[in-house]
Amino acid sequence: MASSQVLLIERDGPVVTLTVNRPEKLNAMNAEVRRAMFDALAALRDDAEARVLVLTGAGDKAFIAGSDIAEFEGRTAVQQYRAMQAGDVYSVFDLFPKPVIAMLNGYCLGGGCELAMACDIRIASDRAKLGQPEISLGIIPGAGGTQRLPRLVGEGMALRLIYTGEMIDAAQGKEIGLVDDVVPHEELRPRTMELARRIASKSPAALQAAKEAVKAAARMPLGEGLRYEKVLFGLLFSTEDKEEGVKAFLEKRTPQFKGR
Ligand code: COA
């Protein structure tokens, strides 16, 4: 699968890095970026060699500074509705059947923050800044921010960030649970890659089931979620990877998961 100009795709063994490449616009997401994301995710979904995705932004300043505000100017409600009907790339990341790590290398704002929240794990540079500044444009977060943010940080903190539109730094992000880890800027890539490789060494079926089960916690009542977990747990007993994992433990060796 080829990179597009606005979305670079790099492979390092089982880890695939997607880099939004509009550094001159702080990687603001426009229709072209979203289309490239849809295409990349559709191809990577069925690519057995790709086991973990890392999402980041080009340059040293921004992860993604939001949706491209230039696209909003003069746009009517009907046009905006149609644009949103083109598909929800945030949910595609959220539901993607493999782990996705957001590597926050700078500004992570608006749609960028919403996309990071749709990823599974957020690792931030100590230079990253996060926020939902939509209120200053006279709008609200419209890509999951009002739903995913309170689930991560609680209602009060979510409303405070959304009402004020103010940015917080990575350390504050970690404190409130928006960011999972903060690392020195120079170490962001190696530390993220090391985590991605560690995850990629696990059974893809087990990773997929783990993601499904954990994400179900936000969508299902506890009783349903617990039942769903058991179904997924039982299903994994049909995989060769489960036999390999158990055998490897008993034989005191490292398992070699084949994704079967
Ligand atoms: N959409 C479109 N363009 C954007 C953008 C966005 N979300 N964020 C930044 N840019 C563009 C700027 O317009 C500027 O383009 P130009 O050089 O052609 O004028 C370029 O990226 C660099 O941004 P600039 O504002 O000059 O950088 P800065 O360091 O002074 O400020 C920010 C950085 C992040 C504080 C500022 O760019 C900003 O507030 N961006 C908008 C964030 C936002 O509201 N996001 C939510 C959108 S729904």
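Computed from a predicted model, the values in this text were never measured in an experiment. In each ligand, atom 1 is the first atom listed, and ligand 1 is the first ligand listed.
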Heavy atoms only: give me the nearest Ala28-Val33 pair and the separation to one decimal. O-CG2, 4.2 Å

Please find the pair of heavy atoms, one from Val182 and one from Ala170, that lie closest to each other, and give the distance.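 Of all heavy-atom pairs spanning Val182 and Ala170, the closest is CG2-O, 3.5 Å.
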
Charged N to carboxylate O under 4.0 angstrom, [X] versus [Y]?
X      : Y      : result
Glu244 : Arg253 : yes
Arg197 : Asp12  : yes
Asp94  : Lys215 : yes
Arg127 : Asp169 : no
Lys247 : Glu251 : no

Please check if a non-hydrogen protein atom sits closer than 4.0 Å to [atom].
atom                    : answer
atom 16 (P) of ligand 1 : yes
atom 30 (O) of ligand 1 : no
atom 8 (N) of ligand 1  : yes
atom 26 (O) of ligand 1 : no
atom 12 (C) of ligand 1 : no
atom 21 (O) of ligand 1 : yes

Can you confirm whether Val54 sits close enough to Val16 that some side-chain heavy atom of one is under 4.5 Å from a side-chain heavy atom of the other? no

Closest non-hydrogen protein atom to [atom], residue and atom name please, with distance?
atom                    : answer
atom 36 (C) of ligand 1 : Leu26 CD1, 4.5 Å
atom 28 (P) of ligand 1 : Lys61 NZ, 3.8 Å
atom 18 (O) of ligand 1 : Lys25 NZ, 2.5 Å
atom 35 (C) of ligand 1 : Met167 CE, 3.8 Å
atom 42 (C) of ligand 1 : Ala65 O, 3.5 Å
atom 41 (C) of ligand 1 : Ile69 CD1, 3.8 Å
atom 44 (O) of ligand 1 : Pro133 CG, 3.5 Å
atom 39 (O) of ligand 1 : Leu109 CD1, 4.9 Å

Quick check on the hydrophobic clustering: are Val100 and Met103 connected, directly or via other members, by side-chain heavy-atom contacts under 4.5 Å? no

Do Leu178 and Ile101 share a hydrophobic cluster, counting only Ile, Leu, Val, Met, Phe, Trp and Tyr and linking them when any side-chain heavy atoms are less than 4.5 Å apart?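 Different clusters.
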
For Asn105 and Ser125, test the side chains for any donor-to-acceptor distance below 3.5 angstrom and give the result as yes or no.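 No, no side-chain donor-acceptor contact under 3.5 Å.
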
Going by the 4.0 angstrom heavy-atom rule, the piece of Glu24 near ligand 1 is backbone

Does Asp68 approach ligand 1 within less than 4.0 angstrom via side chain, backbone, both or neither, non-hydrogen atoms only? both

Any nitrogen or oxygen of Ser67, main chain or side chain, under 3.5 Å from a nitrogen or oxygen of ligand 1?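 By distance alone, the answer is yes.
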
